[in-house]
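All heavy atoms count here, side chains included; hydrogens, waters and symmetry mates do not.
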Amino acid sequence: MGDFGTLFPLAMGYIVVCGMDPTGILVMMGLANIATGLAFRLPMPVEPMKVIAIVAIAQGWSPGAVHATGFTTGVIWVLLAVSGLIGLLARSTPREVTRGIQVALGIMLSVEALKLVSSWWLVGAVSMLVIILLRKSRLFPAALVLVLAGLAMMIADGSISGLRLQKPGLPGMVFPSLAGTWQGMMAAGFAQLGLTAANAIIATSALISRYWPDRLVSEKSVALSTGLMNIASPLFGGMPMCHGSGGLAGQYAFGARTGGANIIEGVIEICMGILLGGTITVLFMGFPEAILGAMMLVVGIKLALFVRETPPDRTAAAFLATVAVSVFTNMALGLATGLLFSVVVKRLTTRRGEVR
């Protein structure tokens, strides 16, 4: 539940603005979580692809356009994984650039989290206190306590009254139309590829090696998982999905240590999709933003603290460039800028050494 802060608003946008089937979104996300938990045996996050989601919601895409774009990115990621190109990119990415992506994500998450917390400062402050007090509790995990508290608040003010059980149903089969694929890829898909490479593939693999040094997961495996998820998801009405270092940091921060966390989350999402269907928007729209903001803020701070692992030497230029460009533009451009700075600094250092 440590990653719910990004899931709720984007899933709600897909359902309300784009008219996507909530059952398809939740069931496919649940199945992806279960499959990922079994495959990696780690709390590997499954979350919406943010660039595609934001553009699709802002422009009011049709469900068919979302499905086609997600399917196409899935095919591309399978090809990048099988060909070994993603491994080549990962090996060419210096550690300071990877750290820059993680710190930039932490800053951006923290800024968005503070906006949510500002909707009700008192609830946000109490939520932060709960997180601090229960950060090591195995009996009362902070994320579970906060989610239950949020539901209790919704019951108290009556905002949950629209939530209804429906006749159980499964998502229908969908055949993505390729007619609008090029427009979708040009509008968001290609930009998403850069962000996914930086944050969801390279940074996620690096963070796993940090949290679980004895359980390394290659960039190829993460890319292949991303591709397969997005080939399967649109066929049953699901949204474009990826992994991500922010989600991993969030789940780890709130106590997730094994793939069992994914399986539990997946079962919850499947049950919500099958039993609640369209009324799930009541839950997404009414859940206290301040609680989600507090949870996101912890994740953002945790990622931003990776700044301590970047030494003040020649690599700092590439790190700072990556952070600055990522925060003020986007992560794909930040990754490219960081790689460029790294190459330039390395060549300048080599030339100075030759002169000496």
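- A salt bridge does not link R99 to E96: none of the charged side-chain nitrogens sits closer than 4.0 Å to a carboxylate oxygen.
- One distance of note links CD of Q102 with OG1 of T322; it measures 11.5 Å at 0.5 Å rounding.
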**Request:** Go through the steps for V267 and C271 under the test side-chain contact (heavy atoms from CB on, under 4.5 Å), then give the verdict.
**Result:** CA-CA 6 Å; V267 170; C271 289; 4.2 Å; yes
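- A donor-acceptor contact shorter than 3.5 Å links the side chain of Q251 to the backbone of P43.
- Judged purely by atom type and a 3.5 angstrom limit, R347 has no side-chain atom pairing as donor or acceptor with the backbone of V344.
- By the criterion of side-chain heavy atoms lying less than 4.5 angstrom apart, applied directly or through intervening Ile, Leu, Val, Met, Phe, Trp or Tyr residues, V117 is not grouped with I301; the two fall into different hydrophobic clusters.
- Contact between P63 and G19 at its shortest, heavy atoms only, is CG-O, 3.7 Å.
- In plain terms, the two heavy atoms of L109 and G246 that are nearest each other are CD1-CA, 4.4 Å.
- Counted within 6.0 Å of OH on Y211, heavy atoms from surrounding residues, nucleotides or ligands total more than 12; the atom is thus considered enclosed.
- Side-chain contact between N199 and H243 is absent, with no heavy atoms from C-beta onward closer than 4.5 Å.
- Under the 3.5 Å distance criterion, the side-chain polar atoms of S326 are left unmatched by any main-chain donor or acceptor of V323.
- Tracing side-chain contacts under 4.5 Å through hydrophobic residues (I, L, V, M, F, W, Y), one never reaches V325 starting from V97; they form parts of separate clusters.
- Side-chain N/O atoms of T72 and T69 include no donor and acceptor closer than 3.5 Å.
- Side-chain atoms of T98 never come within 3.5 Å of backbone atoms of A203 as a donor-acceptor pair (strictly under, hydrogens ignored).
- Looking at T204, its side chain does come within 3.5 Å of a backbone N or O of S245 through a donor-acceptor pair.
- By the 4.5 Å heavy-atom criterion applied to side chains, F236 and L170 are not counted as neighbours.
- The distance from atom OG1 of T93 to atom CD1 of I201, rounded to the nearest 0.5 Å, is 12.0 Å.
- Side-chain contact, T36 with N262: no donor N or O sits under 3.5 Å from an acceptor N or O.
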**Item:** Full working for side-chain contact (heavy atoms from CB on, under 4.5 Å) between F254 and I131
**Value:** CA-CA 8 Å; F254 286 97; I131 294 170; 3.9 Å; yes
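- Counting heavy atoms from C-beta outward, M44 and L248 have side chains that stay 4.5 Å or more apart.
- Between atom OG of residue S137 and atom CG of residue L144 there is a gap of 10.0 Å, rounded to the nearest 0.5 Å.
- The shortest side-chain heavy-atom distance between L42 and T258 does not fall under the 4.5 Å cut-off.
- Rounded to the nearest 0.5 Å, atoms CD (E47) and CE (M241) are 11.0 Å apart.
- Grouping the Ile, Leu, Val, Met, Phe, Trp and Tyr side chains by contacts below 4.5 angstrom, directly or via other members, places I132 apart from V147.
- Contact record, A256 with A261: CB-CB, 3.7 Å, taken as the closest heavy-atom pair.
- For the pair A56 and C18, the tightest heavy-atom approach, listed with the atom from each and the gap, is O-SG, 3.5 Å.
- Using a 4.5 Å cut-off between side-chain heavy atoms of Ile, Leu, Val, Met, Phe, Trp and Tyr, with links allowed through other members, I274 and I264 fall into the same hydrophobic cluster.
- In this structure, M20 and V66 have side chains that are in contact, with non-hydrogen atoms separated by less than 4.5 Å.
- Under the 4.5 Å side-chain heavy-atom criterion for Ile, Leu, Val, Met, Phe, Trp and Tyr, V27 and V174 are members of distinct hydrophobic clusters.
- In this structure, OG on S233 lies 7.5 Å from CE on M239, to the nearest 0.5 angstrom.
- The heavy-atom pair separating E289 from L116 by the smallest distance is O-CB, 3.4 Å.
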**Item:** Test log, rule side-chain contact (heavy atoms from CB on, under 4.5 Å), inputs V103 and L303
**Value:** CA-CA 6 Å; V103 171; L303 285 170; over 6 Å; no
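- Residues A81 and A223 approach most closely at CB-CB, 3.9 Å, considering heavy atoms.
- If you look at W212 and Y252, their ring centroids are closer than 6.0 Å.
- To the nearest 0.5 Å, the span separating CG on L88 from NZ on K220 amounts to 13.0 Å.
- Looking only at distances, no side-chain donor or acceptor of S205 sits under 3.5 Å from a matching main-chain atom of I202.
- Residues I291 and W120 are not in side-chain contact: their nearest non-hydrogen atoms beyond the backbone lie 4.5 Å or more apart.
- For W182 and F190, the distance between ring centers is under 6.0 angstrom.
- Within a 6.0 Å radius of CZ in F341, other residues, nucleotides and ligands contribute 12 heavy atoms or fewer.
- Contact of the I52 side chain with the W61 side chain is registered, since non-hydrogen atoms from C-beta on lie closer than 4.5 Å.
- With a 4.5 Å cut-off on side-chain heavy atoms, F40 and V217 count as touching.
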**Prompt:** What's the verdict on side-chain contact (heavy atoms from CB on, under 4.5 Å) for L292 and F287, showing C-alpha distance, side-chain angles and the deciding distance?
**Reply:** CA-CA 8 Å; L292 293 176; F287 195 88; 3.7 Å; yes
